[in-house]
Amino acid sequence: MHISAKDLAALIPAGFTLGVATAAFQIEGALDEDGRGPAGWDVFAAKPGAIVEDHSPKVACDHYHRMPQDVALMKQLGVDSYRFSFAWPRIQPTGRGPANKAGLAFYDRLLDELLANGISPMATIYHWDTPLALDEDGGWMNRDTAYRLGEYAGILAEAFGDRVARWVTINEPATVSTNGYTLGLHSPGKELLLGAFPTVHHQLLGHGLAVQALRAAKVPGEIGMTNVYSPMVPNSINPLDYVSAGLMDLAQNRLYADPVLTGKYPDLIRAAKFFSSFEHPEEDMELISQPLDFYGLNYYMPTKVAVGPGGGAVPASMAEAMGSDLSATGSGGTPFHVETWPEADITSYGWPVKPEYMRVALKEMADRYPNLPPVILTEGGASFEDIIVRDKSTNTRFIPDERRLKYLSDHLEAALRATAPGGEAESIDLRGYYVWSLLDNFEWSAGYNQPFGLLHVDYETLERTPKASYFWYQELIEERDVAAAADMAIAAAAAPEGLEAEVLDAESPDDGVTPLGASA
């Protein structure tokens, strides 16, 4: 069982954003249309065996052609905000030079459609689709890619700065470095192990240069970045398991958050041989640690860590879901490995379902970073196999995804309780939660076998079908709105005459950006 939508809505503070999230490469398709250049992911996905069952992203969800329909479904859902990403090769086909007008035009239409339907845009500048030309020049191993990202951010700021309420500079640099350059599971498919460290610094530098470009353009929207966060849990009381969990925490979490939030890499990382051999100008850290309006966390699961190489880099169930044989990586190549959670329910991806660790993640962030800016949970969700139930009498379909619904409810409840007064992370100003994902989509190396969506996508007809989780989220938003309207009515009745109008005027600056949840 899980908390009712009405009771969960009562926990939601005023101004808290309820949204949905996607990424361009995973949903748009149309890879060869309207001047879009190739991405490194285009080439990687075409390699035999790189993607489960050799699934292709060429069509994906066909969002490029069905965008108005998808926005209408968001409007029906009632979300405050939509987090999407700009496709870098659609706007800058080679990652350099002037913008592709047709690419800009698509996102012009998307932003206008969102605002016309009262949905506030949260835009991600970089969500992994590096233009192929930059990948061929070294990708994130090449410092120049960071400057190209900064240039690209300037193009986006000029074109869309008046309509984007929140900007995410870069999504999950940890996943790009680990899966793309350390283990070779994602584009560009490099297996550099510790040699991949420059990709960490260059992505963070790219983040800093993107922030600089947005601020130089004086965009009115809030600016932040997003990384995935996973609490690291020792597998046993063995002291070496504790050490291993601490090392993985450094490599997965603090290696990315510390530079952004404190202006320096963790002491142990800076002392390590592989770090000290890579030099960078000191002013890089000033760019990387510029103050942010929010910090984004993508939270899905905790990670159990044990000493030794184990039987594989990740548990077998996860390796199978990703479509990769990770045994070679885990046999002698790493000093520690990821273990299973035998007592936990697992998703189709092999991820443990442990919502209580959402509270741990937030507490760890609160304890480590006293000056943490407001936090937004920019992704959260789960892949489960969906069963389609057809009503023959009405020829309608229903998808009872109770496990996904419970996952979302339990994790959002955990986050809200942790950050409420008296909660273990009460110092965190939690501003929102974005469900991953609006649509079932191309899930990177796992292809189309890992559905995360509130909307089912039939990949033959491209028909969208709302799942039970969609209707639950719709109910949650409605209950939140009813409670908020009642509170406003009570407050208005109790306020002295004339005060309400003055307060509204004071809280409604004409900054050119549509407020969250408001109509354009």
Side-chain angles (χ1 to χ4, degrees), residues 17 19-28 39 41 60-61 63-64 67 70 74 79-92 95 103-104 106-107 110-111 114 119-131 140 145-146 148-157 159-161 163-176 180 186 203-204 206-211 213-214 219 221-229 256 260 292-299 375-381 431-439 441-444 452 513 516:
T17 299
V20 289
T22 67
F25 190 77
Q26 294 180 266
I27 67 169
E28 285 184 0
W41 260 100
C61 305
H63 175 74
Y64 189 74
M67 177 269 292
D70 291 338
M74 283 185 257
V79 291
D80 305 319
S81 179
Y82 173 47
R83 180 185 170 212
F84 66 97
S85 72
F86 294 110
W88 193 347
R90 197 176 295 287
I91 290 176
Q92 261 190 320
L104 294 177
F106 170 72
Y107 295 106
L110 170 60
L111 287 167
L114 290 170
I119 301 168
S120 179
M122 173 186 258
T124 302
I125 292 174
Y126 175 71
H127 200 131
W128 306 359
D129 50 356
T130 311
W140 289 108
T145 302
R148 301 288 66 75
L149 184 69
E151 177 186 74
Y152 169 52
I155 291 172
L156 298 178
F160 309 120
R163 285 165 289 170
V164 173
R166 285 172 173 157
W167 295 87
V168 175
T169 55
I170 190 166
N171 179 79
E172 290 192 14
T175 305
V176 174
H186 285 178
Q203 286 185 88
L204 296 180
H207 151 74
L209 291 165
V211 171
L214 293 170
V219 298
E222 297 177 351
I223 301 169
M225 75 161 289
T226 285
N227 197 34
V228 64
Y229 191 98
Y256 301 87
V260 173
L292 300 176
D293 299 308
F294 66 89
Y295 189 81
L297 288 181
N298 292 349
Y299 177 84
V375 170
I376 299 172
L377 294 165
T378 39
E379 285 182 27
R431 296 281 180 91
Y433 186 83
Y434 286 75
V435 172
W436 184 271
S437 175
L438 173 68
L439 298 156
N441 56 42
F442 180 80
E443 188 53 40
W444 308 108
F452 280 83
V513 175
L516 295 177

Between T124 and R83, is there a side-chain donor-acceptor contact under 3.5 Å, judged purely by atom types and distance? yes

Atom CG of D80 and atom CE of M74: how far apart are they, to the nearest 0.5 Å? 13.0 Å

No-hydrogen, no-angle side-chain donor-acceptor test under 3.5 Å, T17 and Y434: no

Any chance the rings of W128 and F25 have centres within less than 6.0 Å? no

Ignoring hydrogens and angles, tell me if any N or O in the side chain of D293 forms a donor-acceptor pair with the backbone of G224 under 3.5 Å. no

Heavy-atom closest pair (P121 atom, F84 atom, distance to 0.1 Å) is CB-CE2, 4.0 Å

Of the non-hydrogen atoms in L214 and A157, which two are nearest, and what is the gap between them? CD2-CB, 3.8 Å

Here the gap from I223 atom CD1 to W167 atom CH2, rounded to the nearest 0.5 Å, amounts to 8.5 Å

Check the pair Y107 / L156 against side-chain contact (heavy atoms from CB on, under 4.5 Å), numbers first and verdict last. CA-CA 10 Å; Y107 295 106; L156 298 178; over 6 Å; no

Report the C-alpha distance between L149 and T169 in whole Å, list the side-chain angles of each, state the deciding distance to 0.1 Å, and finish with yes or no for side-chain contact (heavy atoms from CB on, under 4.5 Å). CA-CA 9 Å; L149 184 69; T169 55; 5.9 Å; no

Non-hydrogen side-chain atoms of N227 and P173 separated by less than 4.5 Å: yes

CG of L292 to CE of M225: how many Å apart, nearest 0.5 Å? 8.0 Å

Sub-4.5 Å side-chain heavy-atom contact between N298 and T175: no

Just wondering, do L104 and I91 contact through their side chains at under 4.5 Å, heavy atoms? yes

Heavy-atom distance under 4.5 Å between the side chains of E379 and V228, does that happen here? no

Start with the C-alpha distance between T22 and N441, add both sets of side-chain angles, then the distance that settles side-chain contact (heavy atoms from CB on, under 4.5 Å), and finish with yes or no. CA-CA 9 Å; T22 67; N441 56 42; 5.5 Å; no

List the steps and the verdict of side-chain contact (heavy atoms from CB on, under 4.5 Å) for W436 and L377. CA-CA 10 Å; W436 184 271; L377 294 165; over 6 Å; no

Can you classify the ring geometry of W88 versus Y126 as parallel (below 30°), tilted (30 to 60°) or perpendicular (above 60°)? perpendicular

To the nearest 0.5 Å, tell me how far Y256 OH sits from Y229 OH. 14.0 Å

Which heavy-atom pair separates H127 from Q26 by the least distance, and what is that distance? NE2-OE1, 4.1 Å

Identify the heavy atoms of A24 and S85 that sit nearest to each other, and give their distance. N-OG, 2.8 Å

Quick one: are F294 and M122 in side-chain contact, heavy atoms under 4.5 Å? yes

Think R90 forms a cation-pi with Y64, using NZ or CZ under 6.0 Å from the six-ring centre and within 45 degrees of its axis? yes

Minimum heavy-atom distance I119-V79, with the two atoms named: CG1-O, 4.1 Å

State, to 0.1 Å, how close W444 and H186 come at their nearest heavy-atom pair, and which atoms those are. CB-NE2, 3.8 Å

ring-ring contact (aromatic ring centres under 6.0 Å, His included) between F160 and F86: does it pass, once the steps are laid out? CA-CA 11 Å; F160 309 120; F86 294 110; 5.0 Å; yes

So, the side chain of S437 versus the backbone of A21: is there a donor-acceptor pair under 3.5 Å, distance only? yes

Looking just at side-chain N and O atoms, do T226 and T378 make a donor-acceptor pair shorter than 3.5 Å? yes

